[in-house]
Amino acid sequence: MKSVGKKTARLVAGELVREITAEGLERLPAEAELLKRYPVSRPTLREALRILEMYGVISLKPGPGGGAVVNQVASYQFANSSSLYFHLLQLTLRDLMSTRMRLEPFMARLAAERIARGEVDSEITSGDSNLAPSAGDIHFSVARLSNDPILLLVAEALRDLFSDKSSMERIRKDLAGTVKPTHQLIEKAVRDGAASEAERLMREHLLDYVSKLEEHYPNLLDEVIDWT
């Protein structure tokens, strides 16, 4: 590590990430121990920790019992990072929904194909688990059943960004029960392993949702994505 300053901090941050993933760490060692492991200055080490905190990898907690606690990987962290670049590109919620309309129908197809091939246990497709009818979150359930971790992370992040508006809870309540096809129809197609039907129904569902938003909230979709 002959580099200095911020580049060195970035290298240390990378080494720490490798330690976290290789050892399954739930928290990082104390600062004194880290300084023994990495021959850098205290400011450089703290800069490395700030980098990891900025990306949501760790949370720095002060006081006794505090320190650098490792966070579980979550879609909202990816969404937070992505939102900055989306905002700089002046992308709108309409752009975001356009991507969702390409991605989520494909994931519904993947989920149905897995069920058709018998890759998913009957327990997973039973009423009180991943595709629970009462859950109201068919989008997440289908994405998870698609069994593609990268697509799942992206799909969840896009939904997090769209939902991260103070008005979205009210909007969801306003539109509840009006958007077709219903979640139940999509769920049935996925359960039945009807890949083309599941894909079509999910696409129609999202198209109808966008249509309802345009009708009832005409300015919403043209809002630039916020840097959360």
Side-chain angles (χ1 to χ4, degrees), residues 21 55-56 71-83 85-86 89 91-165 168 171-172 175-214 221 225 228:
T21 54
Y55 282 101
N71 298 323
Q72 289 189 336
V73 176
S75 60
Y76 76 86
Q77 295 161 347
F78 182 60
N80 285 344
S81 298
S82 302
S83 66
Y85 301 102
F86 294 162
L89 291 169
L91 300 179
T92 66
L93 293 175
R94 188 182 301 278
D95 295 317
L96 189 153
M97 283 303 299
S98 178
T99 299
R100 285 186 61 187
M101 284 190 287
R102 293 183 179 94
L103 182 60
E104 293 188 32
F106 175 61
M107 297 181 81
R109 168 178 281 277
L110 292 179
E113 287 175 346
R114 289 189 68 221
I115 290 176
R117 290 193 299 266
E119 295 178 6
V120 182
D121 293 338
S122 59
E123 290 184 4
I124 293 181
T125 56
S126 65
D128 61 352
S129 57
N130 285 2
L131 282 175
S134 61
D137 196 1
I138 190 73
H139 300 269
F140 172 74
S141 301
V142 164
R144 187 165 51 170
L145 278 176
S146 71
N147 201 35
D148 187 311
I150 294 178
L151 289 181
L152 175 60
L153 181 64
V154 173
E156 284 188 55
L158 293 179
R159 289 197 64 220
D160 288 343
L161 285 173
F162 194 81
S163 301
D164 191 24
K165 296 178 63 63
M168 282 311 298
I171 290 171
R172 277 194 292 270
L175 299 182
T178 69
V179 180
K180 307 295 181 181
T182 65
H183 285 181
Q184 286 79 9
L185 288 175
I186 299 169
E187 179 191 347
K188 183 178 185 305
V190 173
R191 285 181 187 280
D192 291 345
S196 296
E197 181 76 352
E199 182 176 25
R200 179 183 67 81
L201 288 172
M202 182 65 85
R203 181 175 294 108
E204 289 180 1
H205 173 66
L206 290 167
L207 283 169
D208 193 47
Y209 183 56
V210 168
S211 177
K212 293 292 195 303
L213 288 175
E214 289 175 331
L221 290 174
I225 295 170
T228 55

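Owing to the predicted nature of the structure, the values given are computational and were not obtained by experimental measurement.
Under a 3.5 Å cut-off, the side chain of D192 and the backbone N or O of A189 do not form any donor-acceptor pair. T178 contributes a side-chain N or O that, together with a main-chain N or O of L175, makes up a donor-acceptor pair within less than 3.5 Å. A distance-only check finds no donor-acceptor pair linking the side chain of S98 to the backbone of R94 [under 3.5 Å].
For the atom pair CG of L145 and CZ of F140, the computed distance is 9.5 Å after rounding to the nearest 0.5 Å. Going from atom OH of Y76 over to atom OG of S81 covers 11.0 Å, rounded to the nearest 0.5 Å. Annotation: the span from E199 atom CD to L110 atom CG amounts to 8.5 Å, rounded to 0.5 Å. One distance of note links OG of S82 with CG of L89; it measures 11.0 Å at 0.5 Å rounding. Of the inter-residue distances, the one linking E104 atom CD with I186 atom CD1 reads 9.0 Å to the nearest 0.5 angstrom. Rounding to the nearest 0.5 Å places CG of L91 at 13.5 Å from OH of Y85.
Neither side chain, S146 nor R114, offers a donor N or O lying under 3.5 Å from an acceptor on the other. Looking at D160 and S163, their side chains never bring a donor and an acceptor atom within 3.5 Å of each other.
For the residue pair V190 and A198, the shortest heavy atom distance occurs at CG2-CB, 3.9 Å. Taking all atoms of both residues into account, the shortest heavy-atom contact from P105 to R100 is CD-O, 3.6 Å. The minimum heavy-atom distance between R109 and S196, with the atom names listed, is NH2-OG, 2.9 Å. In plain terms, the two heavy atoms of L103 and L158 that are nearest each other are CD2-CD1, 4.3 Å. A pairwise comparison of heavy atoms in G193 and A116 identifies O-CB, 3.7 Å as the closest pair. Looking at every heavy atom in both residues, L152 comes nearest to M107 through N-CE, 3.7 Å.
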Do F78 and E156 pass the side-chain contact (heavy atoms from CB on, under 4.5 Å) test, and can you show the C-alpha distance, the side-chain angles, and the key distance before you say yes or no? CA-CA 9 Å; F78 182 60; E156 284 188 55; over 6 Å; no

For the pair L151 and F106, evaluate side-chain contact (heavy atoms from CB on, under 4.5 Å) and give the outcome as yes or no after the intermediate values. CA-CA 10 Å; L151 289 181; F106 175 61; 3.8 Å; yes

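With sequence neighbours left out, the salt bridge (Lys or Arg N to Asp or Glu O under 4.0 Å) criterion links R102 to no other residue. Listed by chain and residue number, E197, E204 satisfy the salt bridge (Lys or Arg N to Asp or Glu O under 4.0 Å) test with R200 (two or more places apart in sequence, or in another chain).
Between D148 and I150 there is a side-chain heavy-atom pair separated by less than 4.5 Å. Side-chain contact check for M202 versus H139: some heavy-atom pair is nearer than 4.5 Å. Here the side chains of I225 and T92 are not in contact, with every heavy-atom distance at 4.5 Å or above. Looking at L201 and H205, their side chains never come closer than 4.5 Å, going by heavy atoms from C-beta outward. With a 4.5 Å cut-off on side-chain heavy atoms, F162 and L221 count as touching.
Counting non-hydrogen atoms of neighbouring residues, nucleotides and ligands closer than 6.0 angstrom, the NZ atom of K188 reaches no more than 12 such neighbours.
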